[in-house]
Protein chains: 2
Amino acid sequence: MDKAGDAGTKAGAQRIARFLQEKGRMPSYSEIALACGFKSKNSAFKLARKLEDLGLLARDAKGRLIPKAIKGENQLKAGALRMLGTVEAGFPSPAEEELSDVLSLDEMLITNRQATFMLKVSGDSMCGAGILPGDMVLVEKGRQPANGDIVVAEVDGQWTMKGFKKEKGSKDVWLLPANPKFKPIKPKSELRIAGVVIAVIRKYK
Amino acid sequence: MDKAGDAGTKAGAQRIARFLQEKGRMPSYSEIALACGFKSKNSAFKLARKLEDLGLLARDAKGRLIPKAIKGENQLKAGALRMLGTVEAGFPSPAEEELSDVLSLDEMLITNRQATFMLKVSGDSMCGAGILPGDMVLVEKGRQPANGDIVVAEVDGQWTMKGFKKEKGSKDVWLLPANPKFKPIKPKSELRIAGVVIAVIRKYK
DNA sequence: CTTGACTGTGAACGAACGTTCACCGTATAA
DNA sequence: TTATACGGTGAACGTTCGTTCACAGTCAAG
């Protein structure tokens with residue numbers, strides 16, 4: 001009845017991913033069959049083997065399914081979140097509840113775990129850039145800042161978080177707040193860049 | 001020996017956590033017994049029941065173990081981040097590299113994984129609240145919104161994200177943008193709250 | 001038409017599963 | 001001392017697991 005085997009395979013992978021996300025463990029073949037509407041768990045077995053050939057999931061020595069750990073787009077990972085479409089804030093558009101992607105926050109935000117740490121923001125000098133007091137920022141150490149990046153730096157003996165700007169053809173570096181109440185800083189003596197802000201996280205609840 | 005029993009339980013939890021981290025799935029009772037040096041899987045069964053009583057892990061309807069975030073000493077999650085102090089953005093203050101907490105983003109942000117999903121924001125009607133176009137928002141479904149919460153709602157047939165306000169002593173509900181360019185919305189016919197925004201995530205890199 | 005290549009069904013196998021029971025030490029409490 | 005609570009052993013049960021086999025239906029290429 002199914003016309004395209006490809007679509008069926010993909011739908012199966014999504015069902016498995018959803019099971020993993022909801023129950024926190026990989027399903028058994030019977031559960032895959034149940035979730036996919038198969039009447040025989042053997043169909044689930046074949047589906048799993050196909051997904052394994054495609055590199056989308058892996059299996060134990062004992063045949064049990066394990067979530068694939070390698071990075072990639074379509075892989076099944078524990079602790080995944082359902083990623084839906086966009087919501088228009090201003091000019092509303094439908095936000096359908098169709099699973100468009102599955103991912104984990106850690107995986108999405110952090111590339112270099114050892115060099116990444118988190119800071120809590122106080123003060124409002126960056127509120128124009130959408131960074132409010134109480135927000136958390138993920139900072140990656142040792143990264144070379146580019147113009148427009150937001151950096152955490154020690155300037156003239158004090159720590160601050162500002163926008164980074166290096167003038168072309170000059171060694172001069174400016175640290176720009178995103179709030180008209182504050183003025184740009186031009187480091188006099190020393191400037192030590194602690195890291196580049198790679199993400200902002202605000203928790204309401 | 002009370003203390004020895006406690007230590008054994010804790011060591012067992014750590015072994016289970018290590019198994020989960022290495023294999024990506026929860027062990028069976030036989031595997032727990034193997035990992036803990038038990039000769040009988042029944043010992044593993046009793047250990048699991050004790051851990052369940054302590055709230056350190058959970059089990060299926062079918063008895064299978066499912067991962068649960070073990071807090072405190074037994075770090076179950078792989079993606080732990082270093083949490084540092086605060087950085088003054090505006091009136092700089094020292095941000096020492098002293099580890100004040102260790103946590104995982106998923107664990108920190110998501111309490112009810114099944115009901116949580118992620119949306120990408122477009123439009124700037126909430127930019128006054130620090131939610132910019134391109135940001136991600138975590139939305140928890142089925143949560144009762146309180147005044148001041150930011151909700152994703154279907155109002156008069158269209159989806160939008162706005163601040164929630166319910167007037168005291170009245171059934172009237174207002175949806176407030178955080179941008180003077182937009183006007184508050186008072187739903188006429190229907191208002192369906194899809195969920196409450198529990199976190200905002202902005203990724204720069 | 002026939003011939004494959006797929007996809008799903010259904011039954012079957014041994015192995016591993018979760019769970020329960022009875023039993024054996026040892027250590028603590030009375 | 002006796003009693004009792006606890007951690008571990010070992011065997012047993014019914015269930016579910018992963019896996020394999022043979023078979024039926026569908027579609028495209030020959």
Side-chain angles (χ1 to χ4, degrees), chain A residues 1-20 22-69 74 76 78, chain B residues 1-20 22-68 70 74:
Chain A
M1 46 170 170
D2 270 4
K3 39 174 180 35
D6 219 19
T9 303
K10 198 164 199 172
Q14 285 187 344
R15 292 233 167 76
I16 294 174
R18 182 174 314 204
F19 189 104
L20 172 62
E22 285 179 357
K23 310 262 185 172
R25 64 169 170 87
M26 290 296 274
S28 72
Y29 291 109
S30 312
E31 290 164 333
I32 294 178
L34 194 68
C36 293
F38 297 150
K39 293 197 168 183
S40 165
K41 66 177 177 178
N42 188 17
S43 306
F45 184 76
K46 293 177 182 175
L47 169 67
R49 185 153 45 185
K50 191 186 298 184
L51 290 177
E52 190 188 6
D53 287 345
L54 292 172
L56 294 183
L57 57 80
R59 297 196 292 171
D60 264 23
K62 275 181 258 177
R64 301 158 83 111
L65 303 174
I66 56 178
K68 189 97 178 180
N74 296 322
L76 311 176
Chain B
M1 33 161 83
D2 44 357
K3 63 166 196 249
D6 241 19
T9 304
K10 197 172 283 186
Q14 284 184 347
R15 292 234 166 74
I16 294 173
R18 182 177 317 194
F19 188 105
L20 172 62
E22 285 178 359
K23 309 262 184 171
R25 65 170 169 86
M26 288 298 271
S28 71
Y29 291 110
S30 313
E31 290 164 334
I32 295 178
L34 194 68
C36 292
F38 296 151
K39 293 197 167 186
S40 166
K41 64 178 177 179
N42 188 17
S43 307
F45 184 77
K46 292 178 182 175
L47 169 66
R49 187 155 43 187
K50 191 186 296 184
L51 290 176
E52 192 189 4
D53 286 345
L54 291 172
L56 294 182
L57 57 80
R59 297 197 291 171
D60 266 26
K62 273 182 259 178
R64 301 158 83 113
L65 302 175
I66 57 179
K68 185 170 181 177
I70 297 183
N74 309 318

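Bear in mind the structure is a predicted one, so any value in this text is a computation, not a measurement.
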Item to check | Candidate pair A/R15 and A/I32, rule side-chain contact (heavy atoms from CB on, under 4.5 Å), full reasoning | outcome: CA-CA 8 Å; A/R15 292 233 167 76; A/I32 294 178; over 6 Å; no
Next on the checklist: Is there a side-chain contact between B/K50 and the phosphate of D/dG7, meaning an N or O under 4.0 Å from OP1 or OP2?
Outcome noted: yes
Checklist outcome for this item: Sorted by chain and number, sequence neighbours left out, side-chain contact (heavy atoms from CB on, under 4.5 Å) with B/K41 holds for B/Y29, B/S30, B/A33
Checklist outcome for this item: When rounded to whole Å, the NZ to C1' distance for the pair A/K46 and D/dC21 reads 10 Å
Item to check | Separation of atom CZ in B/R49 from atom C1' in D/dG8, rounded to whole Å | outcome: 14 Å
Checklist entry - What's the verdict on side-chain contact (heavy atoms from CB on, under 4.5 Å) for B/I66 and B/M26, showing C-alpha distance, side-chain angles and the deciding distance? => result CA-CA 6 Å; B/I66 57 179; B/M26 288 298 271; 5.6 Å; no
Checklist entry - Atom CZ of A/R25 to atom P of C/dC17: distance rounded to whole Å? => result 14 Å
Checklist entry - Whole Å only: how far is the CG atom of A/D60 from the P atom of C/dA15? => result 19 Å
Item to check | Integer-rounded Å distance: C/dC17 C1' and B/L34 CG | outcome: 15 Å
Checklist entry - What pair of heavy atoms forms the shortest contact from B/L65 to A/R25, and how long is it? => result O-CD, 4.3 Å
Item to check | Contiguous pairing runs of three or more, Watson-Crick or G-U under 3.5 Å, that involve DNA chain C | outcome: C:3-28 with D:3-28
Item to check | Distance test, side-chain N/O of B/S30 to OP1/OP2 of C/dA16, below 4.0 Å | outcome: no
Checklist entry - A/Y29 side chain N/O closer than 4.0 Å to the phosphate oxygens (OP1, OP2) of D/dT19? => result yes
Next on the checklist: Would you compute the distance between atom CZ of A/F45 and atom CG of A/N42 and round it to the nearest 0.5 angstrom?
Outcome noted: 7.5 Å
Next on the checklist: Rounding to an integer number of Å, can you tell me how far B/D53 CG sits from D/dC6 P?
Outcome noted: 12 Å
Checklist entry - Which is true for B/K62 with a 4.0 Å heavy-atom rule: it touches a base, it touches only sugar-phosphate, or it touches nothing? => result sugar-phosphate
Item to check | Distance, rounded to the nearest Å, where A/I32 contributes CD1 and D/dT19 contributes C1' | outcome: 14 Å
Checklist entry - Considering residues at least two apart in sequence or located in another chain, which fulfil the salt bridge (Lys or Arg N to Asp or Glu O under 4.0 Å) criterion with B/R49? => result none
Checklist entry - Rounded to whole angstroms, how far apart are CD on A/E31 and P on C/dC17? => result 15 Å
Checklist entry - Can you name the side-chain hydrogen bond (donor to acceptor under 3.5 Å, both in side chains) partners of A/K62, sequence neighbours left out? => result B/E31
Next on the checklist: Under 4.0 Å, heavy atom to any atom of DNA chain C: which of residues 37-45 of chain B qualify?
Outcome noted: B/K41, B/N42, B/F45
Checklist entry - Can you tell me if the side-chain N/O atoms of B/R64 get under 4.0 Å from OP1 or OP2 in D/dT15? => result no
